[in-house]
Amino acid sequence: MAKTVSVSTFRFLPFTLLLLPGLFRLSAAIYTPIREYSGNEFFSEWDYYGDIDNTTWGNVDYVDQSTGASQRLTYIDPNTNHAIIRVDNTTNITAAATVNRNSVKITTKDAYPIGSLVIIDTWHIPYGCSVWPSFWMLGTNLLWPNSGEIDIIEAINNLDSNQYALHTTSGCFLGTNSIQSGSILQTNCSTGAGCVVQEKKPNSFGSGFAQAGGGVFATQLDVSGIYMWFWPRGSLPASISQANSSSPMNLADWGTPTAAYLSNACNITEYFQPQQLIIDITLCGVWAGVPSIYNSTGCSGQCIDNVIGTGNPIYNNAYWDIAYIRTYLATATTTVTTGNTSVSPASLTSASPASASTSSSSGANDANANAATAASTLVHSLSWSSWLCALVLLGILRFC
Ligand SMILES: *[C@@H]1O[C@H](CO)[C@@H](O)[C@H](O)[C@H]1NC(C)=O
Ligand SMILES: *[C@@H]1O[C@H](CO)[C@@H](O)[C@H](O)[C@H]1NC(C)=O
Ligand SMILES: *[C@@H]1O[C@H](CO)[C@@H](O)[C@H](O)[C@H]1NC(C)=O
Ligand SMILES: *[C@@H]1O[C@H](CO)[C@@H](O)[C@H](O)[C@H]1NC(C)=O
Ligand SMILES: *[C@@H]1O[C@H](CO)[C@@H](O)[C@H](O)[C@H]1NC(C)=O
Ligand SMILES: *[C@@H]1O[C@H](CO)[C@@H](O)[C@H](O)[C@H]1NC(C)=O
Ligand SMILES: *[C@@H]1O[C@H](CO)[C@@H](O)[C@H](O)[C@H]1NC(C)=O
Ligand SMILES: *[C@@H]1O[C@H](CO)[C@@H](O)[C@H](O)[C@H]1NC(C)=O
């Protein structure tokens with residue numbers, strides 16, 4: 001079972017305000033770093049799936065940790081210190097009833113509650129015909145999709161734009177009035193595709209992404225909504241380009257998100273439980289391999305024909321190159337200005353509950369907590385959100 005992270009200094013939620021009635025959004029949250037997945041320690045905090053792809057039914061065998069290491073499907077590049085996660089591109093697979101090629105699916109040992117921020121800096125995302133990579137988050141407490149799924153990086157074949165999506169049970173939607181820069185493809189989060197937003201910035205996926213030096217994707221999981229950003233390598237905000245693993249993160253220079261799933265159309269606390277991070281690469285399967293989709297995403301012939309044979313050169317680009325993944329939890333916030341009114345959430349701290357510190361005494365650098373602390377964190381989230389939501393009734397804030 002996943003541990004849910006918490007932080008002893010957790011006080012209140014990121015102060016993301018939505019002005020009534022325009023839904024104009026200002027981010028001024030400060031986040032405390034919880035963990036960096038990077039370098040030689042990258043793979044130590046993940047579990048390897050070690051089974052077939054029994055969720056998206058691709059033609060892969062997801063290897064265990066020792067096979068991943070011995071076949072160099074997961075390793076640290078000694079030159080860059082980046083984590084490499086890739087599909088086998090040497091084994092000669094013969095046509096047969098079951099045609100599976102070795103690949104990787106890994107899941108973090110930690111689960112991140114509402115109030116978390118996740119930043120991934122990657123130089124290469126797997127691409128090519130039949131290739132279906134994903135960096136995503138999944139609530140694992142209940143049967144899918146009862147505790148929610150957040151797809152942060154996902155596309156297929158020769159598509160050149162990333163797609164973001166949520167998957168939930170019935171009743172969660174992407175509101176059409178969100179302030180976001182991406183294109184809405186689907187608004188109903190309980191459909192098979194989920195509620196999907198497509199990136200409009202260039203070079204968010206495929207060969208273009210790799211040639212531009214990759215970039216950074218960020219996801220904010222907040223009671224007010226779930227927000228996702230992308231910046232290509234050449235235009236990272238200073239808050240990210242100048243940060244190291246121990247820097248607090250301030251979202252003030254992040255700009256408009258690509259995707260903004262606001263809580264006015266999807267009650268985040270109702271549909272999302274603590275989320276584990278997952279990185280995988282499948283081949284073909286129920287999206288990339290559907291003949292009509294395969295054919296309309298820049299590929300000809302049959303998907304399975306890529307898997308058969310040595311996989312060379314088609315899978316030479318089927319790899320992730322990840323500089324780091326950093327995770328954060330909301331802590332103190334700066335003064336937020338909404339319209340002509342300044343609000344200082346610091347005035348709220350005197351009433352801040354502090355019981356999280358009793359079960360996680362070693363602080364943010366050792367913030368893995370047991371389920372009890374996880375529950376406590378969530379209780380904090382809910383109590384603060386309820387409290388702040390009460391202000392909505394007074395017409396002061398829009399916070400839920
Ligand atoms: C996939 O297989 C794993 C391991 O056998 C199992 O725990 C899991 O429940 C399966 N998932 C689905 C969706 O069938
Ligand atoms: C792969 O195996 C097939 C049949 O098993 C064989 O015809 C083919 O020559 C092999 N390819 C390589 C590169 O060895
Ligand atoms: C959303 O999708 C679900 C699943 O397909 C469906 O049951 C529901 O009626 C849809 N809701 C709306 C408002 O279209
Ligand atoms: C991160 O940057 C801060 C501020 O520049 C510096 O004080 C700190 O030592 C750095 N930490 C690491 C781990 O590099
Ligand atoms: C959102 O869901 C939470 C948890 O189920 C619930 O307590 C809260 O009342 C809901 N908020 C709204 C506005 O429906
Ligand atoms: C997709 O299928 C159509 C009809 O069979 C064909 O003309 C077209 O060339 C195919 N597209 C690709 C990219 O192979
Ligand atoms: C397999 O792909 C990697 C890049 O992921 C490349 O470095 C290597 O040369 C490829 N192997 C072969 C046999 O081409
Ligand atoms: C802010 O103040 C300006 C000038 O006093 C006024 O025109 C504007 O309507 C105000 N905006 C809001 C949101 O109150």
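Worth saying up front: this structure is predicted, and the values here are computed from it rather than measured. Atoms within each ligand, like the ligands themselves, are counted from 1 in listed order.
Within the 4.0 Å heavy-atom criterion, the part of Asp51 lying near ligand 1 is the side chain and not the backbone. Of the heavy atoms in Tyr49, only side-chain atoms (C-beta onward) come closer than 4.0 Å to ligand 1.
Between Arg326 and Glu36, at least one side-chain nitrogen of the basic residue sits less than 4.0 Å from a carboxylate oxygen of the acidic one, meeting the salt-bridge criterion. Comment: Asp321 does not engage Arg86 in a salt bridge, judged by the lack of any side-chain N to carboxylate O separation of less than 4.0 angstrom.
Partner Tyr37 forms a ring-ring contact (aromatic ring centres under 6.0 Å, His included) with one of Trp46, Phe135, Trp320, Tyr324 and no other, that one being Trp46.
Checked by distance only, ligand 2 and Thr94 stay at 3.5 Å or farther apart across all their nitrogen or oxygen atoms.
Closer than 4.0 angstrom to ligand 7 lie heavy atoms from Arg86, Asn89, Thr90, Asn312, Asn316, Tyr319.
Residues satisfying the ring-ring contact (aromatic ring centres under 6.0 Å, His included) criterion with Phe43, sequence neighbours excluded, are absent altogether. Applying the side chain to side chain donor-acceptor pair (under 3.5 Å) rule to Tyr271 yields no partners; only residues at least two apart in sequence or on another chain are considered. Partners of Tyr315 by ring-ring contact (aromatic ring centres under 6.0 Å, His included), not counting sequence neighbours: none found.
Note: Trp144 and His167 have tilted aromatic rings, judged against thresholds of 30 and 60 degrees for the angle between ring planes.
Against a heavy-atom cut-off of under 4.0 Å, Asn92 is close to the following atoms of ligand 2: 1 (C), 2 (O), 3 (C), 8 (C), 10 (C), 11 (N), 12 (C), 14 (O).
Less than 2.5 Å separates the SG atom of Cys299 from that of Cys129.
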